[in-house]
Every structure is written in C-alpha cells, then in structure tokens.
Amino acid sequence: MALPAPAAHDRFGQTRRIDGWWINPSAFAATFLVFVVYSTWAAFQPREFAHFAPYTSPFFSPDLTRIIPGFKWSPALLIMWIPAGFRFTCYYGRKAYYRSLVFSPHACAVGKGDRNYKGETGLLIVNNLHRYFLYIVIVLVVFHWIHFFDAFDFNGKFGMGLGSLVVALDTITLTLYVMSCHSLRHLIGGNVDCYHCACAGKPRHNVWKAVSFLNQYHNAFFWISLAAVGFADIYVRMCAMGIWKDVRFF
Ligand code: FES
C-alpha cells in the first residue's frame, strides 16, 4: 500500500510506516562506525604488524614510506585517505550515510523535520570528486593484485595458506567493487549518443555491458569488500602478533 509522504514540516522521524524501515539505516550506521573506529586505530599502529610473510595488510599497501625517507608515522596514514575518500563519495555510500548518519532523509515517507536540505552544494560538494578518487583507487587495485600474487609465493615456491585466501578475497572483492562503480560505468559509456549506431558489438560496448552487469550488485560489493579488507588487516595483524597461527595448506 502506498503511504503518503510526510510534509516537510512533519516532526523528525514521524511516519505511518509500520515496517522495519529503520533496520537498514541502523545496521549501516553501526557497521560503518565500527569500521571507521577500527581502521583509524589500525592506521596509527606500527608497520611491524602490517606484514606476515608472504602476506601484506591492505591497509598498508603500497608502503610509501619506503620511497619517502624519514617518514616516522605509520605508512597507512599516507594511503588510507584514498579508499576512505572513495567510499565516502561512493554513490551507494552517500545514499546509505545520508539515511543512517545524516538522516536526510531517514527513509521514504519518514519525516525529517524542518531541516534545510542543501543537497551537495555545501560541505558535501566534496562528493563530486568521486571520479578522481576512482582514478587513484585503480592504482591501489594494481598494488592489491601484486600482494595477491605475493601471498602465494612462499620463498620462491608456489604455496597456499589460509592467509593467501584471505588476501585473495580482499583483492577480488575490491576489484569487483571498483569494476561496478557508477563513475567507471559513466567513464566507459559516456559521450556516446547511441550505442547501437556507434559501438554495438565493439569492445567498448562489451566492456560497458560487463560493468553494467556488475553495477547491479554494487551495494553488495560495497559491503563484502569492506568486510574483506577489514578482515585481511585483522588476519595479518593477528598472525604478526603471534595470536593466530597461519594454516599452511601446501
Ligand atoms: Fe560506488 Fe563509485 S559509485 S564506488
């Protein structure tokens, strides 16, 4: 049944909805805040816990302190603003935190009070930088793939441990998240008025179709890759601290 949308002056949170509209925003807020707190803490930790051969924590990749001599702080501080900015400006991420953290709006047909909605013209104009974050993140994905291959290299021999699978999961899901990005889809498919006339059957059209297919699952890739990158850091850290023991399959 269609519910009438509340007028702008309706009380904050007022609604006639009786479904669990608040569950998704609340779950997002809780998960997102946990991740932000953990990743901020991890970024300030020393680099000794960023590696457990042959694995590297994705939070510390690439280690720019190796090419910036004298940098005393954690290498993660030089890198983490890139994926953080990418996710903060992500089209799906915006929808999620507008609803769960900014409450603008909370959900469909839920009152938001007399709040002055400025869209993305105020502080959030930064969201228009998303495509530039995409360009930089594509470079990070290349480094993730280098660590992916490193994770199967045990002193020059091909091998596999549980950590190899953890690093692989992070790399593959991050790649899918980036490949399904709306900006990437626009980048590939933009400036073409008619695919049937200009590109049908051509490589560019096929790439656009592949990205469009992945784009349907962008929300899921957002969450799965977020969980995978966090767990990869925890796994490497725990092994490096001697709390967990890596399982070696062969
Ligand atoms: Fe989500 Fe680009 S729109 S990563």
Side-chain angles (χ1 to χ4, degrees), residues 24-36 38-40 43 58-59 61-62 76 78-105 107-108 117-145 147-148 167-192 195 204-233:
N24 269 354
S26 305
F28 179 93
T31 311
F32 199 66
L33 290 175
V34 166
F35 186 84
V36 167
Y38 173 74
S39 56
T40 305
F59 284 6
S61 166
L78 294 173
I79 288 299
M80 283 182 57
W81 62 273
I82 301 171
F86 186 58
R87 286 185 188 270
F88 183 81
T89 58
C90 166
Y91 292 15
Y92 166 70
R94 296 180 211 180
K95 172 191 155 190
Y97 66 69
Y98 284 172
R99 293 190 173 192
S100 58
L101 298 172
V102 186
F103 311 131
S104 183
C108 295
Y117 179 68
K118 296 204 197 84
E120 294 179 346
T121 57
L123 190 61
L124 292 175
I125 199 170
V126 70
N127 279 330
N128 292 300
L129 297 177
H130 185 62
R131 84 160 37 193
Y132 301 103
F133 278 112
L134 168 68
Y135 301 151
I136 312 175
V137 159
I138 288 173
V139 177
L140 286 193
V141 171
V142 173
F143 281 98
H144 276 243
W145 277 99
H147 296 312
F148 169 91
V167 171
L169 182 69
D170 162 56
T171 305
I172 292 168
T173 56
L174 178 69
T175 304
L176 289 171
Y177 174 51
V178 174
M179 289 293 295
S180 62
C181 169
H182 294 265
S183 279
L184 183 66
R185 183 169 176 265
H186 297 166
L187 198 65
I188 292 169
N191 290 323
V192 177
Y195 263 122
R204 185 177 174 192
H205 190 207
N206 291 332
V207 174
W208 179 79
K209 283 196 291 186
V211 172
S212 298
F213 173 77
L214 293 175
N215 183 256
Q216 301 171 82
Y217 307 104
H218 190 60
N219 303 3
F221 293 141
F222 178 98
W223 285 110
I224 297 169
S225 64
L226 192 74
V229 72
F231 185 69
D233 179 77

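Heavy-atom basis, side chains included; hydrogens, waters and symmetry copies ignored. Just so you know, ligand 1 is whichever comes first in the structure, and atom 1 is the first atom listed for that ligand. One-based numbering along the sequence shown.
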Atom 1 (Fe) of ligand 1 reached by Cys181 (N, O or S, under 2.8 Å): no
Ring geometry between His186 and Tyr91 (parallel below 30°, tilted from 30 to 60°, perpendicular above 60°): tilted
N/O/S atom of His130 inside 2.8 Å of atom 2 (Fe) of ligand 1, strictly under: yes
Where ligand 1 meets Phe86 - atom numbers and elements under 4.0 angstrom, heavy-atom basis: 4 (S)
Tyr132, OH: over 12 other non-hydrogen atoms inside 6.0 angstrom: no
Cation-pi, Tyr177 ring and Arg87 (6.0 angstrom, 45 degrees): yes
Evaluation steps, side chain to side chain contact (heavy atoms under 4.5 Å, CB included), between Trp145 and Ile172: CA-CA 9 Å; Trp145 277 99; Ile172 292 168; 4.2 Å; yes
Numbered atoms and elements of ligand 1 in range of His218, under 4.0 angstrom, heavy atoms: 1 (Fe), 3 (S), 4 (S)
Atoms of ligand 1 close to Tyr91 [distance to a heavy atom under 4.0 angstrom, numbered from 1]: 1 (Fe), 3 (S)
Under 3.5 Å: donor-acceptor pair, side chain of Arg185, backbone of Ser180: no
